[in-house]
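Notes follow the structure.
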Amino acid sequence: MSDLPRKAVTRTAKLAALPLGFAGRATLGLGKRLGGRPADEVATELQERTAEQLFKVLGELKGGAMKFGQALSVFESALPEDVASPYRAALTKLQEAAPPMPARTVHRVLAERLGPDWRSLFAEFEDAPAAAASIGQVHRGVWSDGRKVAVKVQYPGAGDALLSDLAQLGRVARLFGPLVPGMDVKPLLAELRERVAEELDYALEAKAQHIHAEEFAGDPDIEVPDVVHQADQVLVTEWMDGVPLSEVISGGDQEMRDRAGQLLAHFLFAGPARTGLLHADPHPGNFRLLTDDGPASGWRLGVLDFGTVDRLPEGLPLPIGNALRLALEGDAEQVYRMLREEGFVKPTIQLDADAVLDYLLPIIEPAGREEFPFDRAWMRAQAARIADPRSPAHQLGKQLNLPPSYLLIHRVTLSTVGVLCQLNATVRLRAELQAWLPGFDPEGGGPQEDAGSA
């Protein structure tokens, strides 16, 4: 792949090949079973091949297709283990890497955006990308003042590619059902389309990142690299080393997992309270665990990629904290009233308040305990309870509504919980809620100005 495919017909053809490939492998598998191969062995082989094709197509197309793959990779902890295992490695690859854009294309974009003498801005610039994302790739460099930098370069034609991919994926969304049982991907795709314009605007991203970098400068728990330079579709920021969260997920010891999980939960709630912005792309590729020779309590979380944020000037909405507190106190009627007021229950729908509370309590269990061990088994149990058509929770869940103002908050929270389950981290979530979530602990005086170490 020499460049980002921009013609809609080319990209559509590649995406259309996915369901054909799935069907072809199913036929191949039937033949192998008729030939005497054990069914479970054949099924595993077919799932592995399907995962490889999924990664290859979504990774090469980048754009909206790869972004969709990244979103799916966050939710893999909710899949049954026999389904998840073959897909996990392929989907997780999308969190950190993709086929690179050629050096000649990178040089052309830099010359167009930074000027023909762009090399004079750098003491060093590495042509080989250090990382690839859905709409751009990152190169290492050294700025002219000696600072190590990350240079994010947007793929030419990324905007058209995003819109084309997401429209096409919307047409074939049902085909992804076997990959994510029980999850409706159409709302996910609709929301991704809404965020395209913002994510393509590197000036907005630079502003959001600088706000976070200033607010968390010198923080004992969170580090955000500051912006060095921005021009059109090029963003230069300070370089950040550290252990990618994906490596902690795949091979970290329990101390690393627990500290990373605690810091992730801390950032989820402290970030909006302190900056008025919600970092809205919490897949593992956007985080680093900054370790040192000291105890784990001193390790920090590095946060990258502020292309997608939700603007929350007052922090997370007060009704979330109030409803969560009342639910844990068992006040079914008050919770139901608040859900109606906020639009989670439409005026034409009548539900039993106790049934609504029964639906919520298993999901919010982590908020009611001093420590909670997040793991894939718990996530799968929640997903299965809500997805099973025979379950009362499934029937009730179909009648609930997600107001547009809560859509991104809901996805970010769910995605973060998914990463915590991938980490198998034991987290003091309740303490973070008490410190940062408005309404959760009214006697605590609201979000802390300076909570100290997480």
Side-chain angles (χ1 to χ4, degrees), residues 215-216 219-222 258 261-280 282 301 309-345 353-354 356-374 378-379 382 400 402-403 405-421 425-454:
E215 175 59 38
F216 287 100
D219 190 87
D221 299 309
I222 305 297
D258 290 346
Q262 189 67 46
L263 291 170
L264 198 61
H266 174 65
F267 182 69
L268 171 64
F269 295 103
R274 293 177 60 175
T275 68
L277 299 169
L278 174 68
H279 181 286
L301 184 72
V309 298
D310 201 4
R311 286 160 180 80
L312 304 170
E314 304 301 319
L316 289 166
L318 179 65
I320 294 178
N322 283 334
L324 190 54
R325 170 175 52 81
L326 291 167
L328 292 172
E329 292 172 356
D331 194 335
E333 293 297 333
Q334 279 279 73
V335 171
Y336 183 57
R337 179 183 63 80
M338 292 190 65
L339 291 177
R340 292 194 72 89
E341 289 176 353
E342 291 299 307
F344 288 92
V345 181
D354 289 321
V356 172
L357 185 62
D358 289 342
Y359 173 87
L360 293 174
L361 284 175
I363 304 170
I364 65 173
E365 181 187 3
R369 293 168 55 174
E370 292 303 312
E371 288 189 339
F372 187 81
F374 288 90
W378 177 81
M379 186 79 167
Q382 300 310 312
L400 294 175
L402 187 59
S405 61
Y406 284 92
L407 184 62
L408 199 56
I409 296 171
H410 174 76
R411 182 172 72 81
V412 171
T413 304
L414 180 62
S415 298
T416 302
V417 169
V419 177
L420 294 177
C421 291
T426 297
V427 174
R428 301 182 305 280
L429 184 67
R430 185 177 179 83
E432 300 296 345
L433 295 170
Q434 289 172 328
W436 301 108
L437 182 61
F440 185 78
D441 184 15
E443 296 180 3
Q448 300 180 15
E449 291 298 319
D450 184 5
S453 183

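On a predicted model such as this, the values are computed, not experimentally measured, just so you know. The figures here come from the full heavy-atom set of this structure, side chains too, leaving out hydrogens, waters and symmetry mates.
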Find out whether Pro282 and Val419 are in side-chain contact, i.e. whether some heavy atom of one side chain is under 4.5 Å from a heavy atom of the other. no

Considering only heavy atoms from C-beta outward, does the side chain of Met379 approach that of Phe374 to under 4.5 Å? no

May I ask you to decide if Ala367's main-chain N or O and Arg430's side chain share a donor-acceptor pair within less than 3.5 Å? yes

What closest approach, in Å, do Trp378 and Pro362 show between heavy atoms, and which atom pair accounts for it? CZ2-O, 3.7 Å

For the atom pair CG (Leu316) and OH (Tyr406), what is the distance rounded to the nearest 0.5 Å? 9.5 Å

Separation between CG (Leu339) and CG (Leu360), nearest 0.5 Å, reads 6.5 Å

Heavy-atom closest contact (Ile364 atom, Ala327 atom, distance): CD1-CB, 3.6 Å

If only atom types and distance count, is the side chain of Arg325 paired as donor or acceptor with the main-chain N or O of Gly439 below 3.5 Å? yes

Roughly how far, to the nearest 0.5 Å, is CZ of Arg411 from OG1 of Thr416? 9.5 Å

Rounded to the nearest 0.5 Å, what's the gap from CZ on Phe216 to CG on Asp221? Could you check? 9.0 Å

If we only count heavy atoms from C-beta on, is the Leu268 to Leu278 side-chain gap below 4.5 Å? yes

Work out which heavy atom in Val335 is nearest to a heavy atom in Ala323; give both atom names and the distance. CG2-O, 3.8 Å

For the residue pair Leu400 and Val345, establish whether any side-chain heavy-atom pair is separated by less than 4.5 Å. yes

Can you tell me how far apart CG (Leu277) and CG (Leu312) are? Round to the nearest 0.5 Å. 7.5 Å

Are any side-chain N or O atoms of Gln262 and backbone N or O atoms of Arg428, one a donor and one an acceptor, separated by less than 3.5 Å? yes

Asn322 CG to Met338 CE distance, which is reported to the nearest 0.5 Å: 4.5 Å

Counting only heavy atoms not in Glu314 (residues, nucleotides, ligands), do more than 12 fall under 6.0 Å from its CD? no

Of all heavy-atom pairs between Ala425 and Asp258, which one has the smallest distance, and what is that distance? CA-OD1, 3.5 Å

Which atom pair, heavy atoms only, marks the closest approach of Val427 to Gly261? CG2-C, 3.7 Å

Heavy atoms only: give me the nearest Leu263-Ile222 pair and the separation to one decimal. O-CD1, 4.2 Å

Taking the side chain as everything from C-beta on, heavy atoms only, tell me whether Phe440 gets closer than 4.5 Å to Leu328. yes

Could you tell me whether Arg337 and Glu341 make a salt bridge, using a distance below 4.0 angstrom between a side-chain N and a carboxylate O? yes

Pairwise side-chain contact, Tyr336 with Val356, heavy-atom cut-off 4.5 Å (strictly under): yes

